[in-house]
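Order of listing sets the numbers, starting from 1, for every ligand and every atom in it. Hydrogens, waters and symmetry mates are skipped; everything else that's a heavy atom, side chains included, is used.
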Amino acid sequence: MTDQAPQKRLYIKTYGCQMNVYDSERMADVLRPLGYGVTDQPEGADLVVLNTCHIREKATEKVYSELGQIRRMKERKAEAGGQMTVAVAGCVAQAEGEEIMARQPAVDLVVGPQSYHRLPELIARAHRASGQRLAADFSADEKFDGLPAERHVAGVTAFLTVQEGCDKFCTFCVVPYTRGAEYSRPAQDILDEARRLADKGVREVTLLGQNVNAYAGGQGGGLAELVRRLADIGGLDRIRYTTSHPRDMDDDLIAAHGEIPQLMPYLHLPVQAGSDKVLKAMNRAHTAESYLRLVEKIRAARPDIAMSGDFIVGFPGESDKDFEATLELVRAVGFASAFSFKYSRRPGTPAAAMPLQVAEEAKEERLARLLDLLDEQQRAFNAACVGRTLPVLFEKPGRHAGQVVGRSPYLQAVHAEAPDGLIGQIVPVRIESAAKMSLAGVLAGHAAMEPA
Ligand code: 5AD
Ligand code: SF4
């Protein structure tokens with residue numbers, strides 16, 4: 001898999017003890033999938049790592065003097081149109097941290113001994129900071145990389161991109177490398193676009209972003225503030241957003257779910273796995289417990305919210321017991337819908353270089369078990385809607401004559417016998433039956449409609 005990446009030259013200079021020698025080998029291992037091959041010449045290298053020792057002051061001074069030479073090599077490379085990235089690792093990095101970058105500007109990043117697994121992330125961040133594009137290093141895969149295609153507005157629902165990119169660096173994921181840093185569109189642009197959509201008859205917008213709840217394009221306010229302002233636009237009766245990271249789910253956004261009637265009670269909040277060991281290796285920055293607490297808080301604000309998630313089975317090092325923890329988390333949450341994937345090794349991502357890759361058969365088996373459980377939960381969620389009267393935004397004619405199809409607040413497809421004239425309207429429908437993917441019902445009087 002590593003053959004796909006272009007060959008780049010990595011020079012590592014090791015100072016000090018045996019521990020550092022071992023660590024340098026580990027760094028080379030982590031960087032190999034990114035296309036770095038070790039060279040014994042710093043001149044012209046693409047990446048120079050000084051793995052330092054702090055044992056005596058003299059050792060530290062040696063590092064600074066070496067950095068002076070590296071700086072000249074870096075300048076020569078830049079003059080020739082190339083780029084050299086300089087990293088300081090080891091104990092000097094640990095002890096002096098960012099001071100090193102202040103004292104020697106040729107240094108692009110410092111990385112302490114506990115963080116070598118984060119080297120791909122740190123290098124990507126350093127490259128971004130110097131304006132270098134990273135996309136060429138990775139074979140992007142639409143399956144995980146893309147946002148849902150932005151739809152041409154023909155109907156009553158529309159997607160609206162508000163945020164792009166990702167700074168989370170989950171260790172399995174290419175997005176932070178291929179899509180770059182998080183960027184939020186200015187709120188004013190979004191509001192203008194939303195008004196134009198509403199004028200064309202759009203009644204529901206779904207705000208899109210790789211990390212949409214990290215949105216920060218307003219004056220201080222995050223996504224909750226944007227949703228509040230969108231809710232003031234006449235005609236925009238429904239607002240949704242996708243996809244979110246648990247760590248950006250702030251109190252304001254949670255409160256918004258209880259306060260803004262236009263914000264639909266559906267939340268796609270990927271958790272990926274239920275084992276804390278796996279979550280840590282994924283660099284998710286949340287635990288199973290913190291995710292469950294978050295869901296509790298969200299349900300306190302909006303008790304009927306439909307929870308949706310993403311799951312990965314067979315992440316490197318995932319044991320049977322770890323996988324059981326995923327099932328346990330799923331049971332504890334109760335998902336209305338979900339997307340599940342077998343872990344797929346993406347060249348250049350840290351997880352691709354991790355040991356203990358899980359065998360394909362184990363992935364298959366775990367995926368099947370997870371899907372069974374999630375299907376069961378989805379059916380139960382849908383079945384619990386039978387007998388209720390839900391507001392349905394009718395979107396298009398159904399497959400059979402005389403039938404129209406729309407969506408419930410929980411994003412379920414709802415079929416009903418109704419005239420085409422109701423397309424574009426939100427109409428109460430009494431739900432009479434439920435399947436895995438959809439509901440069916442009959443038009444009910446407006447008085448019967450539950451608030452949603
Ligand atoms: N292997 C499997 N699933 C992945 N995803 C992202 N990268 C990978 C990968 N390498 C899944 C995650 C994410 C969704 C968009 O795609 O679950 O949330
Ligand atoms: Fe990828 Fe999502 Fe993780 Fe960002 S938060 S790295 S897009 S999985």
Side-chain angles (χ1 to χ4, degrees), residues 1-2 4 33-34 117-118 120-125 128 134-135 138-149 161-184 208-216 223 241-249 267-275 278-286 290-291 294 307-318 323 326 329-330 333 335 337-354 357-360 362-364 366-367 370-371 374:
M1 308 200 70
T2 55
Q4 299 171 5
L34 275 89
H117 61 285
R118 288 186 60 217
E121 168 183 345
L122 295 169
I123 291 167
R125 287 185 192 275
R128 274 186 202 164
L134 291 148
F138 289 85
S139 50
D141 178 337
E142 288 301 316
K143 188 168 149 203
F144 304 123
D145 191 15
L147 290 170
T161 298
V162 304
Q163 183 276 339
E164 280 183 76
C166 180
D167 281 325
K168 303 296 187 284
F169 287 95
C170 298
T171 53
F172 51 79
C173 184
V174 292
V175 169
Y177 307 94
T178 57
R179 299 284 158 149
E182 284 171 6
Y183 164 80
S184 297
L208 292 183
Q210 258 105 19
N211 255 294
V212 73
N213 61 340
Y215 178 77
L223 188 64
Y241 61 93
T242 197
T243 187
S244 296
H245 194 292
R247 72 171 112 157
D248 290 319
M249 204 67 214
L267 179 61
H268 184 239
L269 193 64
V271 58
Q272 314 295 359
S275 146
V278 172
L279 288 168
K280 187 153 188 272
M282 287 176 163
N283 192 31
R284 289 289 296 176
H286 61 78
S290 69
Y291 184 87
L294 187 56
M307 291 300 302
S308 168
D310 287 348
F311 295 89
I312 295 178
V313 298
F315 186 81
E318 184 188 71
F323 174 66
T326 298
L329 179 135
V330 170
V333 172
F335 284 91
S337 75
F339 304 90
S340 307
F341 308 94
K342 284 185 287 183
Y343 169 69
S344 125
R345 209 168 171 178
R346 310 305 316 284
T349 58
M354 287 182 189
Q357 297 285 328
V358 173
E360 187 60 24
K363 288 184 193 169
E364 295 276 359
R366 288 175 194 171
L367 184 67
L370 178 61
L371 287 175
L374 288 165

Ligand 1 N/O within reach of S344 N/O, cut-off under 3.5 Å: yes
Min N/O separation F172 to ligand 1 under 3.5 Å: yes
Flag, side chain of R125 to backbone of A181, donor-acceptor distance under 3.5 Å: no
Contact atoms of ligand 2, heavy-atom distance to F169 under 4.0 Å: 6 (S)
Subset of ligand 2 atoms that lie under 4.0 Å from at least one heavy atom of N211: 4 (Fe), 5 (S)
CZ on F315 to CE on M354, rounded to 0.5 Å: 4.0 Å
Test item: Y291 side-chain N/O and V333 main-chain N/O as donor-acceptor pair under 3.5 Å: no
Distance in Å, T171 OG1 paired with R346 CZ, rounded so as to fall on 0.5 Å steps: 13.0 Å
N/O donor-acceptor pair under 3.5 Å between N213 side chain and S244 backbone: no
Ligand-side contact atoms (ligand 2) for residue partner P176, heavy atom cut-off under 4.0 Å: 6 (S)
Q272: numbered ligand 1 atoms lying under 4.0 Å from its heavy atoms: 12 (C), 13 (C), 17 (O), 18 (O)
2.8 Å cut-off met by an N, O or S atom of C170 to atom 3 (Fe) of ligand 2: yes
Region of F172 that comes within reach of ligand 2 [heavy atoms, distance under 4.0 Å]: side chain
Ligand-residue contact atoms, ligand 2 with K168, heavy atoms, under 4.0 Å: 4 (Fe), 5 (S)
Metal proximity, C173 vs atom 1 (Fe) of ligand 2, N/O/S cut-off 2.8 Å: yes
Option among Q210, Q163, K168 that satisfies the side-chain hydrogen bond (donor to acceptor under 3.5 Å, both in side chains) test with E182: K168
Atoms in ligand 2 with a heavy atom of H245 nearer than 4.0 Å: 5 (S)
E360 side, atom CD; L367 side, atom CG - distance, nearest 0.5 Å: 9.5 Å
Spacing of S344 atom OG and K363 atom NZ [to the nearest 0.5 Å]: 7.5 Å
For K342, atoms of ligand 1 separated by under 4.0 Å from a heavy atom: 1 (N), 2 (C)
Output field: ring centroids F341/F172 closer than 6.0 Å: no
Atoms in ligand 1 with a heavy atom of R346 nearer than 4.0 Å: 10 (N)
